[in-house]
Amino acid sequence: MPKHNRIANVLKSDAIGSQILIKGWVRTKRGNKNVAFIAVNDGSTIHSIQVVADVAQFDEETLRRITTGACIAVKGTLVASQGKEQAVEIQAQQISILGDADAEIFPLQKKAHTLEFLREIAHLRPRTNTFGAIFRIRHALAFAVHKYFNDNGFYYLHTPIITASDAEGAGQMFRVTTLDMENPPRTPEGTIDYSEDFFGRSTNLTVSGQLEGELGAMGLGLIYTFGPTFRAENSNTTRHLAEFWMIEPEMAFYDIHDNMDLAEDFIKYLIRYVLENCADDMKFLDERFIKEEQAKKADERSEMGLIERLQFVLDNQFERITYTEAIDILLASNHHKKGKFQFPVQWGIDLQSEHERYLVEKHFKKPVIITGYPKEIKAFYMKQNPDGKTVAAMDILFPGIGEIIGGSQREENLEKLTQRMKEMHVPEDVLWWYLETRKFGTCEHSGFGLGFERMMLFITGMGNIRDVIPFPRTPKNAEF
RNA sequence: UCCUCCUUAGCUCAGUUGGUUAGAGCACAUGACUGUUAAUCAUGGGGUCCUAGGUUCAAGCCCUAGAGGGGGAGCCA
């Protein structure tokens with residue numbers, strides 16, 4: 001292990017007078033002809049440490065090369081700060097330049113940049129306060145996901161990234177092939193002959209690990225997946241990525257109510273974990289959030305601060321209603337009576353963003369779980385309710401984000417499942433292995449999918465999903 | 001994919017009715033300043049006005065097409 005000190009530890013230290021060595025990137029330098037103050041950050045914390053250099057003790061050339069963005073190593077003594085903004089600082093004895101950053105061309109300046117600009121220089125984003133905080137929180141959140149499931153007896157199941165089943169209908173897929181695109185082999189009918197492809201068949205990047213997850217649950221009992229997922233939809237929104245991370249637990253012997261209980265407990269655990277373990281970064285984002293909100297018009301402004309809103313979610317039960325009740329609430333609303341919904345409300349429609357927003361943000365003002373959707377608008381594998389019209393689906397809707405979780409109890413009855421597949425034109429032959437779980441030792445089971453980046457949006461208060469993943473993949477954008 | 005807005009200095013933006021030499025703040029450079037807090041003060045350099053056509057005596061400004069970006073919608077997580 002290297003011998004230098006991480007700044008997070010140095011700032012917590014009370015070992016005044018001790019010798020330390022830090023390495024990091026310069027945020028700002030200021031001062032006068034006698035003394036220079038250098039703020040250095042090494043990514044271990046949102047806080048930079050102040051390095052104090054007596055100008056007379058250092059050669060001019062070294063001090064000149066200490067510019068915003070430069071990487072330096074500092075040897076010095078930890079001292080109590082004379083300034084008010086920090087408890088301790090480093091009185092420098094030796095400074096070496098590890099890497100220059102020409103101030104004329106280094107894009108990051110000691111001033112605020114727009115998120116749009118930083119997206120164009122995503123390779124340098126991790127050096128900013130905001131993205132440092134976001135990526136540290138992203139780590140903590142991912143760790144919390146594993147900890148929660150591990151502590152609750154779930155097994156982490158690695159489902160494949162490359163799949164042959166394009167049957168689920170979760171979205172457009174990215175094709176995976178090693179065929180010569182210029183001159184692919186052809187069948188006698190003239191179509192591309194995928195039997196000559198690497199896997200001897202057509203393959204794609206996964207759109208969901210759920211079906212394979214069910215296979216795991218039907219033997220291990222409780223499993224979860226957590227990995228990248230790919231959708232080739234031409235979606236250009238603040239909530240969609242072509243490559244995103246999804247968490248999909250699958251539980252044998254869980255019905256739809258157990259499923260909801262788990263989802264709510266899980267989400268609250270994640271929020272609590274980040275609030276407890278990322279206090280500094282959350283405080284920074286909370287202040288940032290408040291500034292952003294003040295720039296908005298009064299009627300679009302959030303009523304709560306970021307941390308306040310997270311605490312509110314922790315302190316309140318998610319509202320649980322059926323699809324039918326949701327439609328009744330919408331039909332009874334003044335919003336509907338005044339004709340303010342762009343999409344008309346009636347039983348059977350898929351709820352539009354405006355409807356979900358009304359329920360979550362205007363009516364209940366807290367997270368809402370909707371169950372019992374019409375079977376026509378949901379996937380083939382969802383358990384059919386006795387009414388013959390609805391399925392045991394559940395969507396969890398969050399303010400500002402919309403659907404954060406989609407899940408269901410799965411149809412465990414082979415006949416009902418294959419019947420539904422026929423109706424929805426899902427090919428049974430390619431999913432033969434999935435059907436065998438119902439053929440041999442079938443049982444009640446449930447699961448859901450949580451969009452990791454959507455959870456990140458809610459926790460960080462960021463407005464654009466491209467800003468909560470280090471290297472966003474969106475239509476026409478894969479630069480970094 | 002659809003709707004809508006935007007593109008002028010490194011960044012964030014002004015730019016009047018189409019008029020002659022293109023503006024600010026910040027950043028950067030130089031200087032001043034005895035401990036600063038994205039320091040402060042002074043001075044200075046810095047422009048393919050997104051691209052290609054068009055209208056006009058004259059285009060940053062008007063028209064057409066394209067590219068890139070933001071926001072909203074759809075699809076969804």
Side-chain angles (χ1 to χ4, degrees), chain A residues 26-39 41 47-56 64 67-69 79-86 89 91 101-121 128-129 168-172 207-210 228-248 296 300 342-343 350-354 356-357 377-379 395-398 401-407 448-458 463-469 474-477 479:
Chain A
V26 174
R27 287 295 170 77
T28 66
K29 183 181 73 172
R30 52 185 174 262
N32 53 47
K33 65 183 174 186
N34 297 309
V35 61
F37 301 97
I38 308 153
N41 188 286
H47 302 295
S48 297
I49 196 162
Q50 174 156 285
V51 172
V52 184
D54 289 327
V55 170
R64 193 188 57 75
T67 57
T68 297
V79 298
S81 179
Q82 298 172 36
K84 284 175 187 154
E85 304 288 317
Q86 60 278 317
E89 62 194 20
Q91 185 67 47
D102 183 347
E104 291 279 359
I105 54 175
F106 182 62
L108 291 172
Q109 303 167 358
K110 48 180 177 181
K111 57 168 275 188
H113 290 293
T114 60
L115 295 171
E116 290 80 14
F117 174 67
L118 293 174
R119 239 171 262 155
E120 291 170 15
I121 51 166
T128 64
N129 285 336
E168 204 201 325
Q172 290 286 108
V207 293
S208 163
Q210 182 201 313
T229 310
F230 308 87
R231 305 267 169 98
E233 305 284 351
N234 192 6
S235 295
N236 294 288
T237 79
T238 54
R239 305 180 304 283
H240 289 86
L241 291 165
E243 177 182 302
F244 65 100
W245 287 64
M246 189 153 63
I247 298 145
E248 296 178 288
K296 291 183 184 170
E300 291 170 10
Q342 194 193 331
F343 294 87
D350 206 352
L351 296 178
Q352 303 293 317
S353 288
E354 57 173 350
E356 295 180 349
R357 261 206 312 279
I377 58 173
K378 288 292 179 183
D395 284 0
I396 302 188
L397 310 179
F398 261 45
I401 290 166
E403 186 179 339
I404 196 166
I405 277 182
F448 62 82
L450 169 68
F452 186 64
E453 283 77 17
R454 293 207 178 157
M455 193 65 201
M456 278 292 295
L457 281 180
F458 187 71
N464 193 315
I465 202 162
R466 295 171 188 122
D467 296 329
V468 295
I469 186 168
T474 53
K476 302 240 159 63
N477 187 353
E479 179 73 20

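Computed from a predicted model, the values in this text were never measured in an experiment. Just so we're on the same page: letters track the sequence lines, and every chain starts at 1.
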Give the C-alpha distance, both sets of side-chain angles, the deciding distance and a yes or no for side chain to side chain contact (heavy atoms under 4.5 Å, CB included) between A/Glu403 and A/Leu351.
-> CA-CA 11 Å; A/Glu403 186 179 339; A/Leu351 296 178; over 6 Å; no
Output the rounded distance in Å from [atom1] ([X]) to [atom2] ([N]).
{"X": "A/Ile401", "N": "B/C76", "atom1": "CD1", "atom2": "P", "value": "18 Å"}
{"X": "A/Glu356", "N": "B/C75", "atom1": "CD", "atom2": "C1'", "value": "12 Å"}
{"X": "A/Asp395", "N": "B/C75", "atom1": "CG", "atom2": "P", "value": "12 Å"}
{"X": "A/Ile465", "N": "B/G70", "atom1": "CD1", "atom2": "C1'", "value": "16 Å"}
{"X": "A/Leu118", "N": "B/G70", "atom1": "CG", "atom2": "C1'", "value": "15 Å"}
{"X": "A/Phe244", "N": "B/C75", "atom1": "CZ", "atom2": "C1'", "value": "12 Å"}
{"X": "A/Ile105", "N": "B/C11", "atom1": "CD1", "atom2": "P", "value": "14 Å"}
{"X": "A/Phe117", "N": "B/U8", "atom1": "CZ", "atom2": "P", "value": "12 Å"}

Categorize [X] for me: base, sugar-phosphate, or nothing, with a 4.0 angstrom heavy-atom threshold over every strand shown.
{"X": "A/Arg357", "result": "sugar-phosphate"}
{"X": "A/Thr114", "result": "sugar-phosphate"}
{"X": "A/Leu241", "result": "base"}
{"X": "A/Thr238", "result": "sugar-phosphate"}

Give the dot-bracket string for RNA chain B, reading 5' to 3', where a pair is Watson-Crick or G-U wobble with both distances under 3.5 Å, ( ) marks pairs inside the strand, [ ] marks pairs crossing earlier ones, | marks a partner on another strand, and . marks unpaired.
-> (((((((..((((.....[...)))).(((((.......))))).....(((((..]....))))))))))))....
[M] and [N], which share atom name [atom1], separated by this distance in whole Å:
{"N": "B/U30", "M": "B/G72", "atom1": "P", "answer": "44 Å"}
{"N": "B/A27", "M": "B/A39", "atom1": "C1'", "answer": "15 Å"}
{"N": "B/A52", "M": "B/G70", "atom1": "P", "answer": "24 Å"}
{"N": "B/G46", "M": "B/A9", "atom1": "C1'", "answer": "6 Å"}
{"N": "B/G60", "M": "B/A32", "atom1": "P", "answer": "42 Å"}
{"N": "B/U56", "M": "B/U64", "atom1": "C1'", "answer": "16 Å"}
{"N": "B/A65", "M": "B/C26", "atom1": "C1'", "answer": "36 Å"}
{"N": "B/C33", "M": "B/G15", "atom1": "P", "answer": "41 Å"}

Provide the closest heavy-atom pair for [X] versus [Y] in the form atom of the first, atom of the second, distance.
{"X": "A/Ser48", "Y": "A/Ala39", "result": "CB-CB, 4.1 Å"}
{"X": "A/Gln109", "Y": "A/Thr68", "result": "C-CG2, 4.5 Å"}
{"X": "A/Ser81", "Y": "A/Glu89", "result": "OG-OE1, 2.7 Å"}
{"X": "A/Gly463", "Y": "A/Thr238", "result": "O-CB, 3.4 Å"}
{"X": "A/Phe106", "Y": "A/Gly69", "result": "CE2-CA, 3.5 Å"}
{"X": "A/Leu241", "Y": "A/Ile465", "result": "CG-CG2, 3.7 Å"}

Does a nitrogen or oxygen in the side chain of A/Thr237 sit under 4.0 Å from OP1 or OP2 of B/G74?
-> no
For the side chain of A/Ser235 and the base of B/C76, is some donor closer than 3.5 Å to an acceptor across the two?
-> no
Could you pull out all residues at least two apart from A/Asn477 that satisfy side-chain hydrogen bond (donor to acceptor under 3.5 Å, both in side chains)?
-> none
Mind checking side-chain hydrogen bond (donor to acceptor under 3.5 Å, both in side chains) for A/Thr237 and listing every partner two or more places apart, or none if nothing turns up?
-> A/His240
Name each donor-acceptor pair under 3.5 Å that joins a side chain in residues 28-38 of chain A to protein atoms two or more places apart or in another chain, with its distance.
residue, atom, partner, partner atom, Å
A/Thr28, OG1, A/Arg30, NH1, 3.0
A/Lys29, NZ, A/Leu63, O, 2.5
A/Lys29, NZ, A/Ile66, O, 3.4
A/Arg30, NH2, A/Gln50, OE1, 3.3
A/Asn32, OD1, A/Asn34, N, 2.8
A/Asn32, OD1, A/Val35, N, 3.0

Taking it one step at a time, do A/Lys476 and A/Asn236 satisfy side chain to side chain contact (heavy atoms under 4.5 Å, CB included)?
-> CA-CA 10 Å; A/Lys476 302 240 159 63; A/Asn236 294 288; over 6 Å; no
Among B/C75, B/A29, B/A73, the nucleotide that comes nearest once only the side chain of A/Asn236 is considered | B/A73
A/Asn464 (side chain) donor-acceptor with A/Arg466 (main chain) under 3.5 angstrom | yes
A/Glu356 side chain vs A/Gly402 backbone, donor-acceptor pair below 3.5 Å = no
In the 5'-to-3' direction, what one-character label does each nucleotide of nucleotides 33-45 of chain B receive under the scheme B = base within less than 4.0 Å of a protein heavy atom, S = sugar-phosphate only, - = no such atom?
-> BSBBBBB------
Provide a list of protein-nucleic acid N or O atom pairs under 3.5 angstrom, restricted to nucleotides 66-69 of chain B.
none

With nearest nucleotides of RNA chain B determined for A/Gly406 and A/Gln352 from heavy-atom distances, which residue corresponds to the more 5′ nucleotide?
-> A/Gln352
